[in-house]
There are 2 protein chains.
Amino acid sequence: MTSEMPPIPWHKARRADTRQPLTPEAVVEAGIRVLDRDGLEGLTMRRVAQELGTGPASLYAHVSGKDELMELMLERISGEIRLPDRPEPERWKEQIKEVCREAQRVYTAHRDITVVSLGGIQLGPNKLKVAEFVVGLLLSAGIPRQVAAFALDGLGQLIDSDAYEASLYTAKIAAGVDVDAYFDGVRDYLARLPEERFPLLKDMAETMVHGGGDERFEFKIEVFLRGLESYIER
Amino acid sequence: MTSEMPPIPWHKARRADTRQPLTPEAVVEAGIRVLDRDGLEGLTMRRVAQELGTGPASLYAHVSGKDELMELMLERISGEIRLPDRPEPERWKEQIKEVCREAQRVYTAHRDITVVSLGGIQLGPNKLKVAEFVVGLLLSAGIPRQVAAFALDGLGQLIDSDAYEASLYTAKIAAGVDVDAYFDGVRDYLARLPEERFPLLKDMAETMVHGGGDERFEFKIEVFLRGLESYIER
DNA sequence: TCTATCGAACGAACACTGTTCTACGGAGTC
DNA sequence: GACTCCGTAGAACAGTGTTCGTTCGATAGA
């Protein structure tokens with residue numbers, strides 16, 4: 001014998017809820033999944049909500065808006081960066097390179113997230129952990145404090161911009177573009193430039209497109225580190 | 001005695017047209033005006049069209065879409081970069097710095113346009129003119145061709161990312177944010193970090209925020225040029 | 001136990017976005 | 001004059017981030 005009342009017709013029944021309640025962490029993880037699949041341009045609150053089986057308005061109970069969501073995603077992604085076990089000052093350059101390669105690897109794996117990083121100063125614990133390690137290495141190598149601080153900026157920018165650029169080529173490849181043909185096209189274009197205006201670029205067309213993304217990235221970091229080396233106080 | 005027929009009621013009268021017909025150049029210039037006023041986020045086809053006293057659909061007769069418009073705007077803006085009168089190989093470093101400062105000055109004057117530049121390879125004549133000059137200087141200094149080609153990448157990235165970052169601070173200032181107080185907040189945050197996890201960053205809080213944007217930019221270019229110097233064949 | 005409060009979740013709606021589609025007018029050509 | 005082409009214009013489409021108002025469930029307090 002049931003004493004339950006029938007449902008009031010204008011009340012919206014909540015679905016029998018087998019889903020976990022939302023958390024900020026769940027929102028961020030869903031955001032990263034959408035980013036990885038659709039890129040930053042495809043990252044919409046509706047898609048994130050859909051990924052969680054809910055509606056976009058529900059996300060605002062956990063993040064203040066899309067900007068905050070992206071910052072949280074960046075910080076979460078930065079946590080994937082693995083650092084060397086311990087600093088080895090005698091090979092500081094090689095270790096900085098390792099960290100740079102690793103950061104670039106992590107960011108590149110998450111589409112164009114580094115546009116968010118280029119936006120300014122991040123103070124989350126994951127980002128600061130990397131910074132602390134890099135600063136420690138630079139100081140142990142004898143680089144002055146202010147130089148080390150500025151170097152953090154420079155390395156960060158080289159990593160971020162390179163990862164962003166790499167993401168665009170990755171997206172091209174995923175969209176079916178033949179990237180080799182693309183670079184051939186750039187080379188051919190340079191080779192066809194008017195001689196009187198662009199003699200060097202024309203002559204160096206092959207050189208300009210030579211080298212893959214990783215080779216270019218390695219070179220830029222190497223150049224920057226050589227420059228830093230000149231500041232070592234000994 | 002007039003023989004003119006009265007207007008057909010369902011025909012849309014065109015306004016007596018004192019406006020110039022649209023051209024691609026006019027569209028680009030209007031785009032730059034909107035960019036300068038509202039930033040890249042405020043750059044919408046509707047606003048550009050409004051700037052020209054027309055409707056957004058009219059723009060598509062002149063540009064294929066918003067992406068193309070932004071590329072054209074970047075190329076037009078790059079034309080504002082003034083180069084030294086002639087290359088002076090004996091002071092190649094100082095001249096590269098002058099070009100970098102000038103490029104940064106121009107881009108910074110146009111809000112966050114360099115996000116477009118970070119997107120990849122630009123082949124417009126204005127961009128190529130700068131590249132030709134820089135490559136010429138590097139080669140005249142004795143830097144190998146492949147190194148010079150890669151260096152173009154690196155310098156471009158440092159300029160673009162720095163200009164983008166600067167634009168965000170400019171926007172903050174325009175929005176009434178006290179940027180000094182903002183940096184004080186960053187310094188205070190670093191100073192309050194847990195000692196056991198972030199001893200160096202905590203100790204260097206003041207150093208991390210020391211230095212204005214131009215000083216930081218100059219340093220990064222200097223470091224990169226010192227590194228390049230080590231490749232000079234002599 | 002009952003009541004009040006709060007926070008999470010939800011759907012509808014708003015103002016806005018880039019772009020396409022269709023129609024029209026004007027200019028040029030035959 | 002008829003036809004064609006191109007630029008312009010407005011309406012519409014599918015989509016965006018966010019706000020607003022409502023409901024529900026959990027919790028605290030009387």
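Computation of the quantities below employed the complete heavy-atom set of this structure, encompassing side-chain atoms and omitting hydrogens, waters and symmetry-equivalent molecules. Every chain is numbered from 1, with letters handed out A, B, ... down the list of sequences.
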Each nucleotide N or O in nucleotides 14-17 of chain D that has a protein N or O under 3.5 Å away: list the pair and distance.
unit_1, atom_1, unit_2, atom_2, d
dG17(D), OP1, Leu43(A), O, 3.4
dG17(D), OP1, Lys66(A), NZ, 2.8
dG17(D), OP2, Met45(A), N, 2.8
dG17(D), N7, Arg46(A), NH1, 2.5
dG17(D), O6, Arg46(A), NH2, 2.8

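- Residues meeting the salt bridge (charged side-chain N to carboxylate O under 4.0 Å, His left out) test with Glu132(A), sequence neighbours left out: none.
- Comparing atom distances between the Ala57(B) side chain and each of dG11(C), dG10(D), dA9(C) picks out dG10(D) as nearest.
- Summarising the geometry, the separation between CG on Leu69(B) and P on dT19(C) is reported as 10 Å, rounded to the nearest angstrom.
- Of all heavy-atom pairs between Leu128(A) and Leu201(B), the closest is O-CD1, 3.5 Å.
- No side-chain heavy atom of Ser117(A) sits under 4.5 Å from any side-chain heavy atom of Tyr164(A).
- The distance from atom CD of Gln50(B) to atom C1' of dC16(C) is 13 Å, rounded to the nearest whole Å.
- Put simply, the residue from Arg216(A), Arg105(A), Lys220(A), Arg101(A) that forms a salt bridge (Lys or Arg N to Asp or Glu O under 4.0 Å) with Asp162(A) is Lys220(A).
- At least one side-chain heavy atom of Glu206(A) sits less than 4.5 Å from a side-chain heavy atom of Arg187(A).
- The phosphate of dC6(D) has neither OP1 nor OP2 within less than 4.0 Å of any side-chain N or O from His62(B).
- When atom types are taken as modelled, the side chain of Glu75(B) and the backbone of Asn126(B) share a donor-acceptor pair closer than 3.5 angstrom.
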